[in-house]
Number of protein chains: 4
Amino acid sequence: MKAPQRREREIARTREDIVEAASRAFVQIGVHDATMQDIAAEAGYTAASLYTYFRSKQEIVEAVLDQLTTEFLQVFEQPLPGNLTFPQRFEILLVRHLELIEKRRALMLTFHSAEAESGHCPGDSHGQSFHQNFERRILGLADWFKKNAKPDEIGGHDPELVARLLVGMVFGLLHGWVAKDQGSLADRAPLVRDFFFHGVSGNSKAGAKKK
Amino acid sequence: MKAPQRREREIARTREDIVEAASRAFVQIGVHDATMQDIAAEAGYTAASLYTYFRSKQEIVEAVLDQLTTEFLQVFEQPLPGNLTFPQRFEILLVRHLELIEKRRALMLTFHSAEAESGHCPGDSHGQSFHQNFERRILGLADWFKKNAKPDEIGGHDPELVARLLVGMVFGLLHGWVAKDQGSLADRAPLVRDFFFHGVSGNSKAGAKKK
Amino acid sequence: MKAPQRREREIARTREDIVEAASRAFVQIGVHDATMQDIAAEAGYTAASLYTYFRSKQEIVEAVLDQLTTEFLQVFEQPLPGNLTFPQRFEILLVRHLELIEKRRALMLTFHSAEAESGHCPGDSHGQSFHQNFERRILGLADWFKKNAKPDEIGGHDPELVARLLVGMVFGLLHGWVAKDQGSLADRAPLVRDFFFHGVSGNSKAGAKKK
Amino acid sequence: MKAPQRREREIARTREDIVEAASRAFVQIGVHDATMQDIAAEAGYTAASLYTYFRSKQEIVEAVLDQLTTEFLQVFEQPLPGNLTFPQRFEILLVRHLELIEKRRALMLTFHSAEAESGHCPGDSHGQSFHQNFERRILGLADWFKKNAKPDEIGGHDPELVARLLVGMVFGLLHGWVAKDQGSLADRAPLVRDFFFHGVSGNSKAGAKKK
DNA sequence: CATGAATGAGCATTCATTCAT
DNA sequence: AATGAATGAATGCTCATTCAT
C-alpha cells in the first residue's frame with residue numbers, strides 16, 4: 001500500500017536531483033551546450049538513465065525553469081507581518097526577491113529570457129518556455145500587488161504593468177551586478193524601493209549619490 | 001583606382017545583406033537553430049558563399065548583434081532640439097528608443113540576454129557577445145544622461161544606474177508587449193516617463209489608467 | 001566479477017574488427033579518401049558507432065598502422081631453430097618477412113611511407129605516424145640482427161644500417177612485385193639472401209638467373 | 001610568327017614556376033593538405049589563375065612528380081668519363097643519385113610511394129601516379145645498368161631487379177637519414193657501393209665499422 | 001590573362017534518443 | 001532501475017573548380 005507512495009517519493013526525489021544537476025550543468029556549460037551526458041555525469045547517472053525520469057532534454061530544461069519560477073512564486077506567497085505599511089511590506093518583498101536572484105543569479109543569467117534559443121515559430125518549445133516562465137513570474141508579482149496594495153498605493157496603475165516595470169528594473173540591475181560584482185544585490189533594495197515609489201526625482205531627501 | 005573602393009563598398013553591402021538575412025533567419029528559426037543554409041537561403045546565396053564574407057557563423061551572430069546595438073547607440077546620439085527641458089528631451093529620446101524596439105522587437109527578443117546560449121566559462125564567446133552588447137546599450141544611454149541631464153535632474157544618481165533601471169523597465173515592457181501585442185509600444189512613452197520621474201506614486205494627478 | 005573482463009574483451013574484439021575493416025577500406029579506397037562511413041560500412045556499423053571505439057579517424061589510422069607494425073615485430077621475435085648457421089636463420093626470417101609482406105602487400109603499399117599525407121611541419125600527425133612505424137620496423141629488424149648475428153657476420157656494420165638496407169631492398173622488391181604479380185614473393189628469398197650476403201657479384205656459382 | 005613561340009615559352013615558364021611553388025607547398029603542408037590557394041600563394045597567383053596552366057590539382061601533382069622523376073632520369077643519362085671500370089662508374093652515378101636525393105629529400109619523402117593517398121582501384125589516379133613514377137625511376141636505372149654493365153658485372157642478374165634492389169636500399173637509407181640528419185647522404189656512397197657489390201660480408205678489407 | 005566571387009559535393013564529428021540486457 | 005551500445009539526423013566548414021568581368 002505504501003510501496004507505490006514510497007516509489008513516487010523516490011522518483012520525485014531523483015527528479016529533483018537531476019534538476020539540480022542540470023541547473024549546475026546549464027550554468028557551467030550553457031543550456032544548449034550541456035549534453036545529456038553532462039547532466040547525467042553531474043547527477044551521477046548515465047545519460048540513458050535520465051530517460052527514466054524525463055522524456056527528453058527539453059523536459060529537463062522545462063523542469064529547471066519551472067523550479068526556478070516556483071521559487072519566485074514562493075517568495076511572492078510567503079506571509080508578511082500584518083501590521084506594516086505598504087512601502088514596508090514592499091521593501092521586505094524586494095529584499096527577498098533580490099536575495100533569491102542573488103542565490104540563483106548564475107542560473108538566471110543562463111536562462112534569462114533565453115527565448116533566444118529557438119525561434120518563435122509556432123510549435124517551437126524552447127523560446128516559449130523561457131517566455132512563459134518570465135511571464136509567470138510577472139503575473140505572480142502582479143498578484144502580490146493586488147493582494148498587498150490598495151489601488152492608489154500603486155498610483156492606480158495596472159498591477160501587471162507595475163510588476164512588469166519592477167521586474168524589468170531588477171533585471172537591469174542583475175545585469176550590471178554580474179558584470180561588476182559589487183557587494184550584495186539585496187543592499188540595493190532601498191534604492192530600488194525609492195526609485196519605484198518616487199522615480200529619479202527621489203522624494204524629500206534626494207542626495208544619496210552613488211559612486 | 002576607384003576599383004578597390006567600389007569593391008569594398010560592394011563587400012560591405014553584401015555583408016549588410018547577409019546580416020539582414022541572418023536577422024530574419026534568427027527571428028524565425030532561432031539563433032542557434034538557424035543553420036548556415038537557412039541564413040544563406042534567406043540571403044540568396046549558398047552556405048559556402050557566406051564564408052566569403054564571414055569567417056564563421058559566430059561572426060555573423062556578432063555582426064547582427066553589433067548592428068542592433070549600433071542602431072541603439074545612434075538613437076542616443078541623434079541630436080535633439082536645444083530649447084527643451086530635460087523631461088521633454090527625455091520623452092523624445094524615449095519615444096525614439098521605443099520605436100526602435102518596436103521595429104526590432106522580434107530580433108531583440110531573439111537575442112535579448114541570450115547569453116544563455118553557452119555557458120559563462122572563460123573563453124566562451126556566445127554569452128559574452130550578448131552580455132557585452134547589452135552593456136554597450138546601457139553605457140550608451142548612461143552617456144546620454146551625462147550629456148543631457150544635470151546631476152540633480154536624475155536625482156543625483158549614478159547615470160549608469162539610472163540607465164540600467166530604465167533599460168530594464170523597457171525590457172519588461174517589451175516582454176509584455178510581445179505577449180499581448182497591444183497597440184504601439186511608443187504610446188507607452190508618457191507612462192514610462194512618469195514612472196521614471198515620479199515612480200508609482202505618480203505626480204499630482206494620479207490618473208487611474210487601467211489597461 | 002568477470003563481467004568487466006568480458007566487456008573489455010568484447011571491446012578489444014570490436015576494435016580489432018574495426019581495424020580490419022578499416023584496413024580493407026584503406027586498401028580499396030585509400031587512407032585519405034576512405035570516409036568514416038566507408039569504414040563503418042565495411043565493419044557492419046554506422047559511422048557514429050565507430051566513435052564508441054575510437055576517438056577519431058586519425059586514431060583508427062594509427063591503430064591500423066600499429067597493427068601492421070606489430071605483425072612485423074612478431075615475425076622478428078618468433079623463435080628460430082637453434083642449431084642453424086646465421087645465413088640459415090637469416091633465410092628463415094626473410095621468408096617469414098616476405099610472407100607477411102605478401103599477405104599484407106595491399107595494405108603496405110597503401111601506407112608505405114605514406115608520410116606524404118600531410119606535411120612535415122612540427123605538430124603534424126599523419127606523416128609522423130607513417131614514418132615512425134617504418135622506423136619501428138627497421139629498429140625491430142636491427143634488434144634481430146643484434147641477437148642473431150655476431151658483429152662480423154654482418155660485416156661489422158651497424159645493425160641498424162644493415163636493417164635499413166634490407167628493408168629498403170625488400171621494399172623495392174615489393175614495388176616491382178605488385179606491378180607484375182609474378183609468383184610468390186617469398187620465392188625471392190634466396191635471391192635476396194645472396195644479394196644480402198654477397199652483393200651483385202654473387203658468390204661462387206654466379207648463376208645467371210634471368211627472370 | 002615568333003609570337004606563338006614566345007607565348008609557349010612564357011606558358012612553359014609559368015608552369016615551371018607553379019610546379020616549383022607546388023613542390024614547396026607540398027613539402028610544407030603535405031600533398032593532400034595543400035590547397036590550391038596554398039599553391040597559388042606560394043606561386044604569387046590566385047587559385048583561379050592556376051587553372052590557366054593546369055586543368056586540375058591532380059595535374060599539378062603529376063607535374064611535380066614528373067619533374068622529380070625527370071631529374072632522376074637526367075642523372076642516369078648524364079655522360080660519364082669513358083675510361084673507367086664499372087665499379088668506378090657505378091660510384092659516380094651513385095654519388096650523383098644520392099646528391100639529387102639529398103637536394104630533393106623533403107619532396108621525396110613527401111611523395112615517396114605516396115600511393116597511399118588514394119586507393120588502387122582501377123580508375124584512381126593518385127596512387128597510380130606515385131607508383132608509376134617510382135617505376136620509371138627504376139626502369140631508368142635498369143637501363144643505365146644495361147648500358148654501363150656487362151651482364152656478369154652485375155652477377156648475371158636481371159638489370160631491373162638489380163635496379164630495384166638498389167633503389168630500395170637508397171630508399172631505406174633516405175628514411176633513416178631524414179630521421180637522424182647525420183652528415184651528407186652522398187658520403188654513404190662507398191658504403192652502398194660495397195654493399196651493392198659484396199653484400200654484408202664485404203670484400204677483402206671488411207672492418208669499416210660505422211657508429 | 002588574372003581574379004573575385006560563387007558553389008556543389010563532401011566529411012568528420014556530435015548528440016539526443018532507443019533498446020536489449 | 002540502470003546502462004552500454006548503436007544510430008539517425010544534423011551541421012559547420014573546406015575546397016577544387018567555374019565563370020563573368
Side-chain angles (χ1 to χ4, degrees), chain A residues 7 10-11 14 32-40 43-61, chain B residues 3-4 6-8 10-11 14 18 29 32-40 43-61, chain C residues 3-4 6-8 10-11 14 29 32-40 43-61, chain D residues 7 10-11 14 29 32-40 43-61:
Chain A
R7 201 68 52 241
E10 195 64 33
I11 287 182
T14 304
H32 184 269
D33 291 346
T35 69
M36 289 297 271
Q37 292 238 9
D38 292 327
I39 300 172
Y45 288 93
T46 58
S49 299
L50 301 187
Y51 287 85
T52 306
Y53 302 95
F54 294 93
R55 237 189 289 285
S56 67
K57 181 184 174 182
Q58 177 57 25
E59 206 171 285
I60 295 180
V61 171
Chain B
R6 197 152 303 179
R7 273 271 172 255
E8 273 182 38
E10 195 64 33
I11 286 182
T14 305
I18 292 172
I29 311 179
H32 184 271
D33 291 346
T35 68
M36 288 300 271
Q37 294 242 5
D38 292 328
I39 300 172
Y45 289 94
T46 58
S49 297
L50 301 187
Y51 288 86
T52 306
Y53 301 95
F54 294 92
R55 243 189 289 284
S56 65
K57 182 183 172 183
Q58 176 59 22
E59 205 172 286
I60 295 180
V61 171
Chain C
R6 197 153 302 180
R7 274 272 171 254
E8 273 182 38
E10 195 65 33
I11 287 181
T14 305
I29 311 180
H32 185 270
D33 291 345
T35 69
M36 288 300 270
Q37 293 241 5
D38 292 328
I39 299 172
Y45 288 95
T46 58
S49 297
L50 300 187
Y51 288 86
T52 307
Y53 301 93
F54 294 91
R55 242 190 290 284
S56 65
K57 181 182 173 184
Q58 177 59 23
E59 205 171 285
I60 295 180
V61 171
Chain D
R7 196 132 327 274
E10 195 63 35
I11 287 181
T14 304
I29 311 180
H32 184 270
D33 290 347
T35 68
M36 288 299 270
Q37 292 236 10
D38 291 327
I39 300 171
Y45 289 92
T46 57
S49 300
L50 301 186
Y51 287 85
T52 306
Y53 302 95
F54 294 92
R55 235 189 290 283
S56 66
K57 182 183 173 183
Q58 177 57 25
E59 205 172 287
I60 295 180
V61 171

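Just so it is clear: chains get the letters A, B, ... in the order the sequence lines come, proteins before strands, and each one is counted from 1.
Rounded to whole angstrom, the span from the CZ atom of C/R7 across to the C1' atom of E/dA20 amounts to 11 Å. Atom pair D/F54:CZ and E/dA2:P shows a separation of 13 Å (rounding to whole Å applied). Between B/L50 atom CG and E/dT7 atom C1' the separation is 11 Å, expressed in whole Å. Taking atom CE on A/M36 and atom P on F/dT3, their separation rounds to 13 Å, with Å as the unit. Rounded to whole angstrom, the span from the CD1 atom of B/I18 across to the P atom of E/dA5 amounts to 11 Å. If you measure from atom OH of C/Y51 to atom P of F/dG4, you get 21 Å, rounded to the nearest angstrom. Regarding C/D33, its CG atom lies at a distance of 13 Å from the P atom of F/dA16, rounded to whole Å. Going from atom CD of A/E59 over to atom C1' of E/dT17 covers 13 Å, rounded to whole Å.
Counting only heavy atoms from C-beta outward, the side chains of C/T52 and C/Y45 never approach each other to under 4.5 Å. Side-chain atoms of D/T35 and D/D38, non-hydrogen and from C-beta on, do get closer than 4.5 Å to each other.
When each of E/dA5, F/dT11, F/dC15 is scored by its nearest atom to the side-chain atoms of B/Y53, the top-ranked nucleotide is E/dA5. Distance from the side chain of A/A48 is smallest for F/dA5 among the nucleotides E/dT13, E/dT17, F/dA5. Among the nucleotides E/dA2, E/dT13, E/dT7, the one closest to the side chain of B/T52 is E/dT7. Minimum atom distance to the side chain of C/K57 is reached by E/dA12, of the listed F/dT17, E/dT7, E/dA12.
Backbone-only engagement by B/S56 is indicated by non-hydrogen atom pairs under 4.0 Å involving sugar-phosphate atoms exclusively. Here B/I39 lies out of heavy-atom contact (under 4.0 Å) with every strand. D/A40 comes within 4.0 angstrom of no nucleic acid atom, judged by non-hydrogen atoms across all strands. Contact annotation for C/S49: base contact, defined as any heavy-atom pair under 4.0 Å involving a base atom. At the heavy-atom level, B/I11 lies under 4.0 Å from the strands shown only through sugar-phosphate atoms.
Remark: F/dA6 base-pairs with E/dT17. Criterion, Watson-Crick or G-U wobble with two distances under 3.5 Å. Base pairing analysis places F/dA1 opposite nothing; no Watson-Crick or G-U wobble pair with both distances below 3.5 Å involves it. Judged by Watson-Crick or G-U wobble contacts below 3.5 Å, the nucleotide E/dG10 has F/dC13 as its partner.
Residue A/E59 places its CD atom among more than 12 non-hydrogen atoms of other residues, nucleotides or ligands, all under 6.0 Å distant.
Summarising the geometry, atom CD1 belonging to D/I60 is positioned 5.0 Å from atom CG belonging to D/L50; distances are rounded to the nearest 0.5 Å. To the nearest 0.5 Å, the span separating OH on C/Y53 from OG1 on C/T14 amounts to 4.0 Å.
Annotation: of the two residues near DNA chain E, C/A34 and A/R55, the 5′-most nearest-nucleotide partner is C/A34. Each of B/T14 and C/Q37 has a nearest nucleotide on DNA chain E; the 5'-most of these lies closest to B/T14.
Residues A/S49 and A/T46 have side chains that bring a donor and an acceptor to within less than 3.5 angstrom of each other.
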